[in-house]
Amino acid sequence: MQMDKSPPTIIYILLFLATLLYYIFSKKHTKKHKLTPKLPPGSMGWPYVGETLQLYYKDPNIFFSDKQKRYGEIFKTHILGCPCVMLGGPEAARFVLVTNVDLFKPTYPKSKEKMIGPSALFFHQGQYHSQIRRLVVNSLSPQSIKRFIPGIQALAISAIDSWASCPHPINTFQQMKKFSFEVGILAIFGELEREKKEELKKNYCIVDKGYNSFPTNLPGTAYHKALMARRRLSQILEEIMSERKEKKLLDNDLLGHLLNFKNEEGQTLSDDQIADNIIGILFAAQDTTASALTWIVKYLTDHPKLLQAVKSEQKEIYLANEKGNKGLTWTQTRSMPLTYKVILESLRMASIVSFTFREAMVDVVYNGYLIPKGWKVMPLFRNIHHNPEFFDEPQNFDPYRFEVAPKPNTFLPFGTGAHSCPGNELAKLEILILIHHLVNELRWEVVGPQDMVEYSPFPVPQNGLQARFWWEPNTQEN
Ligand code: HEM
């Protein structure tokens, strides 16, 4: 009898089932792969502490740029107790800050929110944020800030006068902080009684000292003192507001805009909401502008030829104004091309706001990578400003590079999108005015070490840039 060589039917059935299972499984597998994009490359460091120690141990700028070199423009890490995705490219910054703002909310530590006040606009998004922002943008627009020029000029003259009268070196950053605070007060309140201004200044300084201290609310700690001073600030602001309301002063300054605000339903802002926003704006304005000014003094000191060129640009305006006897005009502040480029290049080099924080409100996929819900997202402005693809020889201080406009989204000293800086025109105006008086009327030398960078939290030259200032010969006869 001949044997049947064909395999039994059961084998066919098994083979068929195996193929079917393989097919189903592999389909499922690819599907799963497609639905679950991977996390960006990078290291999450040690359990709990993540990479926080490395961040503090190294200069944060070196930490971020080393990471970008190793992993590329998007990478993950774990710092200050939070898993984070860092974004070092212009498109990614635009994705988070401009085109997908609804997916990412602003995020700050609770202790900072408590200190400034929870109603400050930058803690919010949506309708409340855009309503307050509109007021701030309007009252700090070029059209509105023109009228501050005489006031800012008087503050600049008084500042440099005090530096030249000081027999010993001064901390440039601390002096610039005094100046930028006064300009902030001017922009918010217009003219303010001396006594009220001094009270505000005294308490604001205590809040400022406690803001970056460890948040332990025990009597005697800087944080506790700051919270007490913050309460006092609210009281002073309430007094100023009720005086304004009594006198029905509908001034056109920022406080006036906040007091006059009514939404579509006719609701006004509470005193607490106004106070939180005023303190928030003072915070946003002071250290940033003071840090920029301090870096400009350092860069001009380091580049004597450039300083000479800036001096001759400014001297022409000074002489046209009868050696400063006539005030600067808006048109003159708009005709300082070299000084303006020095400001832009200083903002690029120093990248005062090196990065910002947002939090993903849902799982987001960017460029094939998953940004999980709840993770922090940090667009790294400094990495963009120091990328040789966008800025040739980025470590060189070269204001003339700004003769050609930077590529879109590569120059973001004031951020971009829904939360970009509404104070940028005021900041540039006060810097131009201070530089005008500084280079025309004073000479200076930097003393002591100045090559390291300190963080306050914004970058500042070592020891705040200690410098000695004296009058430029022939200027005092005015
Ligand atoms: C050189 C000086 C300054 C720099 C480098 C700077 C930088 C920035 C940056 C990068 C942002 C965006 C932050 C983010 O997206 O998270 C911002 C926001 C802000 N800045 Fe400035 N700033 C400066 C001066 C000022 C001044 C003078 C004022 C006000 C008088 C001001 C008021 C604000 C406010 C209120 C916000 C929050 C805006 C919002 O959330 O809608 N800043 N600033």
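For ligands, and for the atoms within them, numbers begin at 1 and follow the listed sequence. Keep in mind the model is a prediction, meaning the values are calculated, not measured.
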Take atom NZ in K146; do more than 12 heavy atoms of anything else shown fall under 6.0 Å from it? yes
Report yes or no: does G184 have a heavy atom closer than 4.0 Å to ligand 1? no
Answer yes when R230 and D276 have at least one side-chain N-carboxylate O distance shorter than 4.0 Å, and no when they do not. yes
Candidate with minimal heavy-atom separation from atom 34 (C) of ligand 1, of S291, G417, P422: P422
Verdict with supporting geometry, F179 and F181, ring pair (Phe, Tyr, Trp, His ring centres under 6.0 Å): CA-CA 5 Å; F179 171 68; F181 180 81; over 10 Å; no
Taking both backbone and side-chain atoms of T289, is any N or O found less than 3.5 Å from an N or O belonging to ligand 1? no
Considering only protein heavy atoms, which is closest to atom 16 (O) of ligand 1, and at what distance to one decimal place? T356 OG1, 2.5 Å
Other residues, nucleotides, ligands: >12 heavy atoms within 6.0 Å of K196 NZ: yes
Contact atoms of ligand 1, heavy-atom distance to F122 under 4.0 Å: 37 (C), 40 (O)
I want to confirm something. Looking only at heavy atoms, which of H124, H129, R358 is nearest to atom 15 (O) of ligand 1? R358
Identify whether NZ of Lys or CZ of Arg in R348 sits under 6.0 Å from the centre of the six-membered ring of F391 and within 45° of that ring's axis. yes
Output the list of atoms in ligand 1 that are nearer than 4.0 Å to some heavy atom of G415, sorted by atom number. 10 (C)
Of C421, G280, P106, the one whose closest heavy atom lies nearest atom 42 (N) of ligand 1 is C421
For M44, look at atom CE and say whether over 12 heavy atoms of other residues, nucleotides or ligands are found less than 6.0 Å away. yes
Examine ligand 1 and decide if any of its atoms is less than 4.0 Å from a heavy atom belonging to V136. no
Among all the protein's non-hydrogen atoms, which is closest to atom 24 (C) of ligand 1, and how far away is it? T288 OG1, 3.5 Å
Salt-bridge contact R334-E425 (side-chain N to carboxylate O under 4.0 Å): yes
What residue and heavy atom of the protein are closest to atom 27 (C) of ligand 1, and at what distance? A285 CB, 3.6 Å
Give the ring-plane orientation class for F283 versus Y211, where under 30° counts as parallel, over 60° as perpendicular and anything between as tilted. tilted
Select one of side chain, backbone, both or neither to describe which atoms of A418 lie under 4.0 Å from any atom of ligand 1, heavy atoms only. backbone
Would you say A120 contacts ligand 1, with heavy atoms under 4.0 Å as the rule? no
Report the nearest protein non-hydrogen atom to atom 6 (C) of ligand 1: residue, atom name, distance rounded to 0.1 Å. F414 CD2, 3.7 Å
Look at atom 40 (O) of ligand 1 and say which protein heavy atom is nearest, naming residue and atom and giving the distance to 0.1 Å. H419 ND1, 2.7 Å
